[in-house]
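The analysis underlying the following values was restricted to heavy atoms, covering all of them including side chains, and did not include hydrogens, waters or symmetry mates. In this text, all values refer to a predicted model and were calculated from it rather than measured experimentally. Just so you know, residue 1 is the first one in the sequence shown, and it goes up from there.
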Amino acid sequence: MKDYRNLEVWKRAHELVIEVYKITCQFPKEEKFGLTSQMRRSSSSIPTNIAEGCGRAGDTEFHRFLIIAMGSSSELEYQVLLSHDLGYLKTQQYEELEQEIIVVRKMLNALIQKVKPIAKR
């Protein structure tokens, strides 16, 4: 069992979640059960799946949860774009979130390649 708190990608993803929560507090109230909820869910899914994968036995399971985390990062990336296009995010907020998502995705991809099951390498 790995300690997810030691993974730099988990730390960055965790900070991303905190930022998403702060930013979505400013979204219109009518988005509480819409985009706000979706962004919070998809962002928190990234470090949650990293943590869950660390608690599983072996790299094959860890790899599978990292792939799920990557999917959640793609989902968040689109939701951030949509939020900007709807006028809920200022351009600077959008660019900062987008850059952090890119960093997390690159880190996830590197870890996915590192723990890829031998049969798939």
Verdict with supporting geometry, Leu86 and Leu35, side chain to side chain contact (heavy atoms under 4.5 Å, CB included): CA-CA 11 Å; Leu86 291 171; Leu35 198 52; 4.1 Å; yes
Derivation and outcome, side chain to side chain contact (heavy atoms under 4.5 Å, CB included), residues Val17 and Ile46: CA-CA 8 Å; Val17 175; Ile46 302 166; 5.9 Å; no
Intermediate values then yes/no, side chain to side chain contact (heavy atoms under 4.5 Å, CB included), Leu16 and Leu76: CA-CA 10 Å; Leu16 179 60; Leu76 178 62; 3.8 Å; yes
Side chain to side chain contact (heavy atoms under 4.5 Å, CB included) between Glu8 and Met107, intermediate numbers included: CA-CA 8 Å; Glu8 201 60 38; Met107 293 173 80; 3.6 Å; yes
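Residues Gln99 and Glu95 bring no donor and acceptor atom of their side chains to less than 3.5 Å of each other. The closest side-chain donor-acceptor pair between Ser72 and Arg41, if any, does not fall under 3.5 angstrom. For the residue pair Thr36/Thr24, the side-chain donor-acceptor check at 3.5 Å is not satisfied.
Looking at Gln93, its side chain does come within 3.5 Å of a backbone N or O of Lys90 through a donor-acceptor pair.
Hydrophobic clustering keeps Tyr4 apart from Ile18 (ILVMFWY residues linked when any side-chain heavy atoms are closer than 4.5 Å, directly or through intermediates). Connection of Ile102 to Met70 is not established within any shared hydrophobic cluster, with ILVMFWY side chains joined at heavy-atom distances below 4.5 Å, either directly or through further cluster members. Under a hydrophobic clustering in which Ile, Leu, Val, Met, Phe, Trp and Tyr are joined whenever their side-chain heavy atoms come within less than 4.5 Å, directly or via other members, Ile68 and Ile101 fall into different clusters.
Closest approach of Ser83 and Met39 over heavy atoms only: OG-SD, 3.2 Å. Closest heavy-atom contact between Tyr94 and Val80: CD1-CG1, 3.5 Å. Listed here is the closest heavy atom pair of Val103 and Arg12: CG1-NH2, 3.3 Å. Closest heavy-atom contact between Leu7 and Leu111: CD1-CD2, 4.3 Å. Nearest heavy atoms, Val9 versus Val104: CG2-O, 4.0 Å. Here the shortest heavy-atom pairing between Tyr88 and Glu31 reads OH-OE2, 3.1 Å.
The shortest side-chain heavy-atom distance between His14 and Lys11 does not fall under the 4.5 Å cut-off. Counting heavy atoms from C-beta outward, Phe65 and Ile50 have side chains that stay 4.5 Å or more apart.
Note that Lys2 lies in the cation-pi zone of Phe62, set by a 6.0 Å cut-off to the ring centre and a 45° limit from the axis.
Electrostatic pairing of Glu52 and Arg56 counts as a salt bridge here, judged by a charged N lying under 4.0 Å from a carboxylate O. Between Glu61 and Arg64 there is a salt bridge, with a side-chain nitrogen of the basic residue lying less than 4.0 Å from a carboxylate oxygen of the acidic one.
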